[in-house]
Amino acid sequence: MILVRAVVPNDRPVFLIGFMGSGKSAVGRLLADRLGRDFIDTDDLVVEREGRSIERIFREAGEAEFRRAEREALQALAGRRECVVATGGGLFLGFFERCWLREQGTTVWLDAPFSACLGRVSSGAGRPLWAAGKDPEAFRALFEKRRAAYALAAVRVDAAGSPDETAGRVLSRLGAISP
Ligand code: S3P
C-alpha cells in the first residue's frame, strides 16, 4: 500500500472521542500515519503514569481514582501539537475535561453503532465497566446515556464502516488535502 500523506489546516491535536469499542485507537493510528503525527492513547498514558493496569486501578482504588488519573494524564498533554489522541470513553463526560479538550484541539466524535461497540469490547480487555457485568442491556443503556455528551464534540463522524473508511471520513471533515 502506498501511504499518501495528508495535511490538515492547523497543527492542533485531533482528539477522538466516543464510546468504548467505537474504534478510536484503530482509527487514531491510521490518522496519525496519514498525517505524519504522533499517536497517543490516554488509557496507555494512565497505565504508564500509574504503573498498573486500568483493571487494577478500578479494582484497587475505584472509578473515581481512575478518573483523577485520567484527568492528570490529559493535562500533561497541554500545549502538545501535531498529534492524534484517542481518549478513554469516559473522558469527554466531565465538564472540565470536555472544556479542556475543546479548547486544546479539535474534538471528533466517532459515532459507531452499538452492535459494533459491543462486538469489539466483548473480545478485548481494559474495560472494567463492561467486564463487571457483561450485561449487554446495561451496556446499551450506558451507550444511550452518553450520546448527548458525545454530541458536544466539534465534529461528528459516522463510524459504522471499517477503520480505514472512518479515518477517511475524519480527514475529509477536517479539511485535509494531499499535497
Ligand atoms: C472507559 C473507557 C475505556 C477506559 C476505561 C473507562 C469509559 O477506554 O478508559 O475502561 O468509561 O468509557 P476505551 O474507550 O478506549 O475503551
Side-chain angles (χ1 to χ4, degrees), residues 13-32 38-77 83-102 105-153 155-160 162-163 166-167 170:
V14 174
F15 293 114
L16 300 180
I17 67 144
F19 200 61
M20 292 168 262
S22 55
K24 291 165 291 183
S25 301
V27 172
R29 280 200 186 86
L30 290 171
L31 281 175
D38 293 335
F39 172 71
I40 298 167
D41 188 317
T42 61
D43 285 342
D44 294 343
L45 286 184
V46 170
V47 170
E48 261 167 45
R49 290 168 59 97
E50 300 295 308
R52 53 187 171 164
S53 68
I54 293 176
E55 287 90 342
R56 268 191 63 198
I57 301 172
F58 267 74
R59 195 173 60 244
E60 294 171 359
E63 182 174 351
E65 176 62 14
F66 173 75
R67 299 296 172 203
R68 183 208 52 78
E70 203 178 29
R71 185 164 52 246
E72 278 185 21
L74 184 67
Q75 286 176 274
L77 296 178
C83 56
V84 177
V85 183
T87 66
L91 201 44
F92 200 63
L93 305 174
F95 179 73
F96 171 86
E97 289 80 353
R98 194 159 58 239
C99 294
W100 192 97
L101 287 161
R102 289 185 54 110
T106 307
T107 51
V108 180
W109 172 26
L110 298 191
D111 187 8
F114 177 70
S115 55
C117 297
L118 183 62
R120 292 200 192 101
V121 297
S122 305
S123 56
R127 277 125 179 177
L129 292 179
W130 159 250
K134 294 206 166 140
D135 173 355
E137 279 322 303
F139 205 56
R140 182 192 286 278
L142 188 63
F143 173 89
E144 295 297 343
K145 187 172 152 204
R146 286 181 170 186
R147 290 180 65 79
Y150 294 151
L152 298 170
V155 176
R156 174 193 162 274
V157 169
D158 182 337
S162 68
T166 304
V170 174

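Both counts, for ligands and for their atoms, begin at 1 and track the order of listing.
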Quick check on contacts: which atoms of ligand 1 are under 4.0 angstrom from a heavy atom of [X]?
{"X": "Leu129", "result": "7 (C), 11 (O)"}
{"X": "Pro128", "result": "10 (O)"}
{"X": "Glu70", "result": "9 (O)"}

Minimum-distance protein heavy atom relative to [atom]:
{"atom": "atom 11 (O) of ligand 1", "value": "Arg67 NH2, 2.7 Å"}
{"atom": "atom 14 (O) of ligand 1", "value": "Lys24 NZ, 2.5 Å"}
{"atom": "atom 7 (C) of ligand 1", "value": "Gly90 N, 3.4 Å"}
{"atom": "atom 16 (O) of ligand 1", "value": "Arg127 NE, 2.6 Å"}
{"atom": "atom 15 (O) of ligand 1", "value": "Asp43 OD2, 3.0 Å"}
{"atom": "atom 10 (O) of ligand 1", "value": "Gly126 O, 3.2 Å"}
{"atom": "atom 12 (O) of ligand 1", "value": "Arg146 NH1, 2.6 Å"}

Exercise. Would the number of heavy atoms belonging to other residues, nucleotides or ligands and lying under 6.0 Å from CZ of Phe95 be above 12?
Worked result: no
For this session: Return yes when Trp130 approaches ligand 1 closer than 4.0 angstrom through a heavy atom, no otherwise.
Result: no
For this session: Determine, using heavy atoms of Glu63 and all atoms of ligand 1, whether some pair is separated by less than 4.0 Å.
Result: no
Problem set entry | Inter- and intrachain pairs under salt bridge (charged side-chain N to carboxylate O under 4.0 Å, His left out), touching residues 111-135, at least two apart | Asp111-Arg147, Asp111-Arg156
Problem set entry | Val46 and ligand 1 - part of the residue with a heavy-atom distance under 4.0 Å | neither
Exercise. Sequence neighbours excluded, which residues qualify as salt bridge (charged side-chain N to carboxylate O under 4.0 Å, His left out) partners of Arg49?
Worked result: Glu72
Just wondering, do [Y] and [X] contact through their side chains at under 4.5 Å, heavy atoms?
{"X": "Pro13", "Y": "Leu77", "result": "no"}
{"X": "Arg52", "Y": "Arg59", "result": "no"}
{"X": "Glu144", "Y": "Phe19", "result": "no"}
{"X": "Leu30", "Y": "Thr166", "result": "no"}
{"X": "Val85", "Y": "Thr42", "result": "yes"}

Exercise. Is any N or O atom of Gly21, backbone or side chain, closer than 3.5 Å to an N or O atom of ligand 1?
Worked result: no
Exercise. Can an N or O of Phe58 be found at a distance shorter than 3.5 Å from an N or O of ligand 1?
Worked result: no
For this session: Take the angle between the ring planes of Trp109 and Tyr150 and call it parallel below 30°, perpendicular above 60°, tilted in between.
Result: tilted
Seminar exercise, completed: Test side-chain contact (heavy atoms from CB on, under 4.5 Å), reference Val84, set Val27, Asp41, Leu31, Ile40, output is Leu31
